[in-house]
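For ligands, and for the atoms within them, numbers begin at 1 and follow the listed sequence. Index from 1, following the sequence. Side-chain atoms are counted along with the backbone in the values below, which use heavy atoms only and exclude waters and symmetry mates.
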Amino acid sequence: MSAQKAYEELIKRVREVSLLYSCESVLGWDERTYMPRGGAAFRAEQLGLLSGLAHEKFTDPKIGELLAQVEKSDVVKDADSIEAANVREIRYQYDKRTKLPKELVEEITRVTTLAQGEWVIARKNSDFKHFQPWLEKVVKLQKDKAEAYGYDGEPYNALLDDYELGATVDQIVDVFTGLRNDLVELLGKIKGAPRKPDVSIIERDYDVELQRIFGEAVAAAIGFSFEEGRLDITTHPFCTGIGPGDTRITTRYNPKRLNDALFGIMHEAGHGLYEMGLDKKNHFGTPAGETFSLGLHESQSRMWENQVGRSRAFWAYFFPQAQRIFKESLAGVKLDDFYGAINDVKPSYIRVEADEATYNLHILLRFELERPLLTGDLKPADVPGEWNDRFKKYFGIDVDRDANGCLQDVHWSAGYIGYFPTYTLGNLYSAQFFAKAVADMPDLTQQFESGQFLNLREWLRENIHQHGQRYRADQLVQRVTGKPLSAKPLIDYMTAKYSEIYGF
Ligand code: ZN
């Protein structure tokens, strides 16, 4: 077989694996939106079969043979070509996945399924002792996984790589520590500030159907296509890019609070725009048409949710519309008061309810515990104490119970160690990209004020979306912004916004 033929065969096989995953996506979307509860066991069977088939197909030794043949050939001689990127990334994933012994994968699935059930009980009773043996098992298995993958430096690198390909602790730890110190300082200023927003404005009656209509109008205005996407209701909102021409977003509505669904929809639409901006027509199912960095994905959702959706310019355009739609709740409310209310900062226990400013502190605290857990420097038994000490230091409040502390997130019970940093990376990338977009389009604020958001979407498509996996996240940040990852753009953006709102 010629090298060109081998490349085509490789792509065909990898695309088939992706087709199986996209079938899983449809089933997963259905499970979380419309499936009756009674279908859960059967759905698990369907999903299990599909992921088993996909794994088998992708780890087939034939993939390894085709890779070996293509890698030596002229097909990949231009390192910047799509072919070279495809082969490089397929090789990377193939090596990773074939390194994990089948028994370990099965044991991780078995233990994390049980651990999640036990975590639900432990959180409900705020009983860490109940969860501790499971955390011990999960940490041990994740260590085994890191050893099976192999790593440079510390074991955390191997796990981080599953979520943020190519990222290492060394690359992010200084940026994270600097960010943490600056955030603690910023929070102190906000706490002592003379002005406080009136949050009761957004905690009035907001009719759910009207919220849907307004949310869809906002999503459409920022470029989310309802010809190629849809919005549905779920319990834990998500976005799923099923395939070319089909991207689904979801939300949940709170009839007593405007923020949840509105910014939730903008967040998921941001993920959706990334999926829609990938070149799936030509490259679906191959690295060139897919994303691989949770951090990059999150940067897109956070940019539309925060840099755009929580900006004054955005509301200069949308607030009069919102006032027409939510007549009673927003009657007589001033734009500036509304803008303050949607940007309120208040330290609280729960990460998923956190505002834009405190959110990253929640993440950094988890990152600081996960690393020593893996090296063995922190024992699972000591997690609550360590958590509470740090929480007091960063947020200035005492954790009242473990359900509001180290038991609040599902991630560890599900075996997701190394996942949390991608949230903060997303916020950092988002601020750094947005600062560059503003530099490239100095009238962006005026564009937002007149309801024009598509130039920003085009900028993101051109600079980020269309590349798929051609560049790793750190390379892309350097390429687009001309600088390595830094906490400065995020801190600058927050300081400017909060000093205006809080008057410090
Ligand atoms: Zn997200």
Listed protein N/O/S atoms, distance to the Zn ion (ligand 1) under 2.8 Å:
H267 NE2, H271 NE2, E298 OE1

Which of these passes side chain to side chain donor-acceptor pair (under 3.5 Å) with Q300: H465, H267, E275, H271?
H465

For F448, ring pair (Phe, Tyr, Trp, His ring centres under 6.0 Å) partners two or more places apart
F453

So ring pair (Phe, Tyr, Trp, His ring centres under 6.0 Å) across residues 226-246, not counting sequence neighbours, yields F224-F226

Taking side chain to side chain contact (heavy atoms under 4.5 Å, CB included) as the definition, give me every residue that meets it alongside N282, ordered by chain and number, with sequence neighbours left out.
D279

Quick check on ring pair (Phe, Tyr, Trp, His ring centres under 6.0 Å): which of Y423, F420, F395 does H362 satisfy it with?
F395

Is the charged tip of R97 near the ring of F58: under 6.0 Å from the six-membered ring centre and within 45° of its axis?
yes

